[in-house]
Structure formats: structure tokens, C-alpha cells
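Working notes, beginning with the structure itself.
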Amino acid sequence: MTAPVSVAGTPDVPDAPGSPATSATPGTPSASNPTRIPDAPDTPGIPDAAKAPGAQAPSALRSGALMAAGSLVSRATGFVRASVVAAALGAAVVADGYAVGNSVPTIIYTLLLGGALNAVFVPELVKAAKEHEDGGVAYTDRLLTLCALALVVLTAAAVLAAPLVVDAYTDYTGAQRETTVAFARACLPQILFLGLFTLLGQVLNARGRFGAMMWTPVLNNVVVVAVFGLFLAVSDGGALSAGETALLGWGTTAGIALQALALVPPLRAAGFRWRPRFDWRGSGLAAPLRSVGWLVLLVLTNQGAYWVTTWIATSAGGSATGGGSGLAGYNNAYLLWAVPHGIVTVSLVTALLPRMSGAAADGDLAGVRRDVSYALRTSSAAVVPAACALLALAVPLMTVVFRYGATDDGDIRAMSWILMALAPGLVALSGQYVCTRAFYALRDTRTPFLLNLVIAGLNAGLSFSAYLLLPAHWAVAGMAGAYSLALWAGWGVTAYVLRRRLGGAGGTGAAGSADGAGGSVAGLARLLVAAVPAAGYGLLVTDLVGPAGAVPAGTAGALTILAVFAVLARPLRLTGVRDLLDRLTGRLRRPVPRA
């Protein structure tokens with residue numbers, strides 16, 4: 001199933017049904033000493049990651065850590081945002097109208113442009129910086145101009161067609177329809193600002209500046225919290241007036257606008273100046289446009305699988321005797337499940353993508369393969385323990401986050417089973433994301449589309465089988481397990497095809513690359529061996545401490561999982577886990593400065 005909109009307010013562009021919405025000079029990175037991305041004094045239009053070596057920029061791991069921190073803060077403020085919105089609108093028809101109006105811009109943007117802009121921009125800009133005499137300045141201006149005009153046209157058409165858009169997604173009539181249309185008209189301009197945020201953020205990423213794009217969503221959440229806080233202060237609790245509807249709708253759009261415009265100062269600091277250019281003919285823009293077509297097909301395929309699984313989940317939820325067994329329960333479980341992927345893998349791969357794109361532009365397939373191997377090793381060291389935690393701590397996690405109001409213990413139990421079924425798929429989701437971004441670095445979007453059909457097809461087929469064969473209250477948990485299986489199968493096929501693609505690198509570089517790939521597979525196998533006792537003991541301790549409450553049970557289970565990985569790190573040679581533990585204990589042992 002396709003991910004719901006991120007609580008941080010920024011859509012995660014999905015790579016597969018159910019998944020969340022993202023280095024020039026090759027080296028041989030390791031977990032303890034990753035290759036640094038070269039930097040040099042700013043030259044307008046030339047990505048930092050594509051310049052000749054000069055002063056050392058932060059390492060990919062450090063850049064990933066900076067983005068992970070921003071993602072963590074934005075998600076935390078996003079949960080505050082969700083709570084304030086719920087407090088203001090409740091869960092009745094007004095809340096549904098706002099949810100539809102605020103979701104439609106993201107759906108339209110993601111379907112038509114979002115995935116394309118995220119996947120195509122960085123490789124194209126890095127390649128242009130290497131090959132063009134002006135360092136890619138004119139090419140960047142042309143590409144930005146073309147995409148910005150497309151966004152303006154798409155946004156205007158969507159605003160004019162707001163009633164038709166609302167009718168396509170709802171069966172509302174009367175006052176409820178009018179309110180939803182009003183929300184949609186106020187929120188649909190978000191398409192423009194979502195696109196500008198992606199465009200400007202990718203320009204920063206291509207220049208090796210990664211932090212701003214992960215931190216500015218916090219501003220969006222702050223604006224929305226303030227808008228809904230103002231509404232709570234002035235509202236009399238009755239039906240929404242036209243002014244209150246406009247306040248909430250346009251206030252939400254203002255948050256997205258500020259999120260996009262906040263990227264302008266970092267761009268200026270990086271020496272970037274955008275000058276619109278319309279001389280597109282013969283400028284080399286045909287290649288990215290072809291890539292965009294395959295990505296649009298990929299997203300449409302995912303939406304087809306999303307429609308199938310949504311229909312099944314809602315049908316199962318309507319047939320189940322208890323709550324938490326339908327689409328809402330799946331989305332709640334998914335929301336927690338996707339957090340480690342967004343914080344760890346997306347942040348790390350975003351930092352590596354310019355370097356991989358530069359290596360691909362140089363024809364250095366061994367360099368691309370080393371970066372893929374490094375990303376897999378580094379992300380799996382955090383994602384595998386996180387998957388164990390999601391499986392073992394499902395009940396306390398769901399209790400702490402969702403056990404409020406009308407949600408009862410039966411709902412928590414049903415959603416916990418869904419989260420446990422999703423947990424093993426987190427590892428495959430992470431690996432699939434790394435491999436797909438490697439194809440994008442190679443400027444190949446056709447192959448990921450074809451490979452994604454494996455995941456989409458298996459997910460839809462297995463989900464339908466779960467619906468037919470399992471009792472209603474288990475059907476959605478079965479669908480979650482089906483998605484995990486589909487992710488593992490898709491990752492296996494994708495990794496095989498990618499390895500064949502990168503296997504043509506010759507010389508000692510190729511040999512080293514092959515060793516790195518084999519090391520990644522062996523390292524993942526050792527991590528999975530450690531994961532079995534870690535998850536098992538974590539689940540046992542969580543159940544034993546459960547009567548003491550969700551927080552003590554979750555804490556005890558998490559410490560047990562960490563202890564098992566720490567004990568097994570040396571005999572199983574879990575290098576990545578040992579590095580993470582060393583960094584953690586090093587920070588804890590650091591002496592506190594005296595006053």
C-alpha cells in the first residue's frame with residue numbers, strides 16, 4: 001500500500017506500494033572512515049560533490065546524521081501537529097473534509113511530478129556540471145524553468161477543477177461537499193510549493209548541501225500548529241464559517257510555502273542564482289523527460305496496487321468484529337513502521353546520491369558499487385535492530401502512540417499484529433531503496449519501473465489471497481505480511497539485476513567492488529542471525545514486564561534487544577553495530593565540561 005502523507009508535513013514519495021514518497025569522487029568507504037565528499041570554493045552552478053578535491057566537506061555519514069536529526073525533529077513536530085489538528089477538528093465530517101482537501105494536492109503532485117523530480121534531478125545536475133563548459137549553470141536554469149512552468153500550469157488546472165477533484169475522491173453532497181471544495185481550493189496551491197521545495201532541495205543536494213531540506217519541514221509544522229492554535233482560540237465550537245475554513249486551508253498552504261521559500265537563503269549562501277531560460281530546444285532536456293515518463297508509470301502502478309489493497313483493507317475492516325483491523329489500523333501501523341527507514345536510509349542515501357551520480361557520469365561503475373555496498377552495510381546496522389524492536393515492542397509502541405479516546409485494547413492488539421507483520425519487511429524496504437537509487441544515479445528509470453512490477457504484482461496478489469483465506473480480523477495483518485514478502489522478493493530481483501549491471505567494472509576496482517558486495521551480503525546474513533534471538537528475547541521480556549505498563553515494558557524490551565546485539569557483535573563480526581555502539585558509548589563517556 002502507498003504511504004500516507006508524512007506527519008512531518010512533507011510527502012514521502014513511494015518507491016513501491018506501501019512504502020513511504022529520496023558522490024562524485026569515488027573512494028572506498030568503510031563504516032569507520034567513510035569517503036569524504038570533496039569540496040571547493042563555491043562556483044555558481046557547479047555542485048560541490050562534482051568539483052575537484054579541495055577542502056574536505058562533511059562525510060556522507062555525517063551528512064546523513066545531520067539529515068536524520070532533521071527528519072527526527074520534523075516527525076516529532078509532525079506528531080504535535082497531528083494532535084493539534086485532531087483537537088481542533090475531531091474525527092467527524094469536518095475533519096474528513098479537511099483531510100481530503102489537504103491530501104489531494106499531495107496525491108496529484110506525487111502522481112504527476114513528485115517521484116520524477118526526486119529521482120531525476122540530482123543525477124542530471126551532477127552530470128551537467130561535469131560535462132558542460134559552464135559547469136551546468138545554463139542547464140540547471142533551463143531545467144528549473146521548465147519544471148516551474150509545469151508546476152504553475154498543473155496547480156492552476158487543479159485549482160480550477162477543485163469541485164471535480166473532490167467529486168472524484170468522495171461522494172459528498174450539500175454543505176459537506178461545499179466545505180470540502182473550499183478546503184481543496186485553499187490547499188491545492190500547495191502543489192506549486194511542494195514542487196518548488198523538491199526542485200530547490202535537489203539543487204542543494206546536488207551541491208552537497210543536505211541539511212536544509214530535512215530541517216525546513218519543521219517550519220511548516222510550526223506554522224500549522226500556530227494556525228490551528230489560533231482557530232482553537234477564536235472558534236466558538238459551532239459549524240465552520242467561511243472565514244474559519246479559509247484560515248485553516250490557507251494557513252496550511254502557508255506552512256508549505258514557508259517550507260519551500262526557506263530554502264532560498266541556503267541556496268544563495270551556496271552561490272546559486274536562478275535565471276529563467278526558455279531556450280530549451282537542443283539543450284539536452286529530452287533525456288530527463290524520457291526518465292520522467294517511466295517514473296510516472298511507476299507511480300501509477302503503485303497507485304493501482306494501492307487501490308486494490310485499500311479496497312481489500314476497507315472490506316476487511318467492515319467485516320471484522322473489532323476495531324483496528326481495517327485501513328485505519330494499517331495506516332497507523334505503517335506510520336510507525338516507516339519512521340526508521342525515513343530517518344536512517346533516506347538520509348544516508350540522499351547524502352550519497354550526488355557521489356554515486358558523479359561516479360556514474362564518469363563511467364566508474366566500481367565506485368557506484370562501493371557506495372551501494374557502503375549504504376547497505378551502514379543502513380542495515382541500524383535498520384535490522386529497528387525491525388526487531390518494531391516486532392518485539394509492537395504492543396507498547398501502539399499503546400503509547402494510539403491508546404487514547406475511542407481506541408481500546410482490542411484495537412491496539414489488532415494494530416500490533418499488523419505492525420509485527422510489517423516489521424520484517426523494513427529490512428527489504430531499506431535495501432530496495434538503496435538499489436533503486438543506484439539505478440537513478442545511472443540515469444536509468446526504466447529498469448526500476450519494470451522491477452517494481454514484481455513488488456506491486458506480488459503485493460496485490462498475496463493481499464487478495466490473505467483476504468480470501470484468512471478470517472476478517474486477521475486479513476489486514478495477513479496483507480501486511482504479504483507486503484513484507486513482496487518487498488523481500490522485489491529486493492532480491494532488484495539486487496540481482498543491479499549486480500549484473502555494475503559487474504562490468506574492470507581491473508582491481510571491480511575486484512574490490514565484488515568483495516564489497518559479497519561483504520554486504522555476508523554482513524546482512526550475520527545481522528539476521530543475531531536478529532532472531534534479539535527479537536525473541538525482546539518479545540519475551542516485553543510480555544513479562546507488560547503488567548507494569550507500556551513504557552516500562554517497551555524500555556525493558558528495547559534494552560534487551562540492544563544487549564543481545566551488543567553481546568553478539570564481536571563473535572558474529574557485526575562491524576556496523578559495533579561502530580554504532582562505540583559512538584553511543586563514546587558520547588556517554590565524554591566528560592562534562594566544568595563550569
Side-chain angles (χ1 to χ4, degrees), residues 4-11 74 77-109 151-152 154-197 217-262 328 331 404-407:
V5 176
S6 165
V7 293
T10 307
S74 67
T77 55
F79 279 112
V80 175
R81 164 187 171 148
S83 299
V84 174
V85 171
L89 300 182
V93 292
V94 174
D96 287 346
Y98 173 78
V100 171
N102 191 38
S103 298
V104 163
T106 301
I107 294 171
I108 295 175
Y109 165 74
L151 286 167
V152 170
L154 177 61
T155 302
V159 171
L160 291 174
L164 297 176
V165 172
V166 170
D167 291 341
Y169 282 92
T170 71
D171 57 357
Y172 295 163
T173 59
Q176 186 180 10
R177 178 181 181 274
E178 294 303 316
T179 299
T180 304
V181 170
F183 275 131
R185 287 197 189 280
C187 293
L188 281 167
Q190 293 175 23
I191 294 172
L192 173 62
F193 296 109
L194 285 169
L196 290 177
F197 173 74
V218 176
L219 298 175
N220 173 23
N221 291 328
V222 170
V223 169
V224 174
V225 168
V227 167
F228 276 82
L230 176 62
F231 170 78
L232 285 170
V234 302
S235 174
D236 59 5
L240 283 181
S241 66
E244 290 171 336
T245 302
L247 169 67
L248 298 181
W250 286 106
T252 303
T253 297
I256 297 291
L258 179 61
Q259 173 180 295
L261 297 176
N331 284 343
Y404 305 104
T407 306

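No experiment lies behind these values; they were computed from the predicted model shown.
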Taken in chain and number order and not counting sequence neighbours, the residues that satisfy side-chain contact (heavy atoms from CB on, under 4.5 Å) with Leu258 are Leu219, Val223
CG of Leu160 to CZ of Arg185, rounded to nearest 0.5 Å, is 7.5 Å
Tightest non-hydrogen contact, residues Cys187 and Pro105, listed as O-CG, 3.2 Å
Heavy atoms of Asp167 and Arg177 approach each other most closely as OD1-NE, 2.8 Å
Starting from the C-alpha separation in whole Å, work towards a yes-or-no answer on side chain to side chain contact (heavy atoms under 4.5 Å, CB included) for Leu247 and Val227.
-> CA-CA 7 Å; Leu247 169 67; Val227 167; 4.2 Å; yes
Tightest non-hydrogen contact, residues Thr155 and Leu192, listed as OG1-N, 3.2 Å
Heavy atoms of Leu194 and Ile256 approach each other most closely as N-CG2, 3.9 Å
By side-chain contact (heavy atoms from CB on, under 4.5 Å), Ala182 pairs with (sequence neighbours left out) Thr245
**Study point:** Within-4.5 Å side-chain heavy-atom neighbours: Gln259 and Asn221
**Key:** no
CZ (Phe183) and CD (Glu178) are apart, to the nearest 0.5 Å, by 13.0 Å
Residues Ala184 and Val166: closest non-hydrogen pair is CB-CG2, 3.8 Å
What one should report as the nearest heavy-atom pair of Phe193 and Ala260 is O-CB, 3.5 Å
| field | Main-chain N/O of Pro189 paired to Thr253 side chain as donor or acceptor, under 3.5 Å | value | no
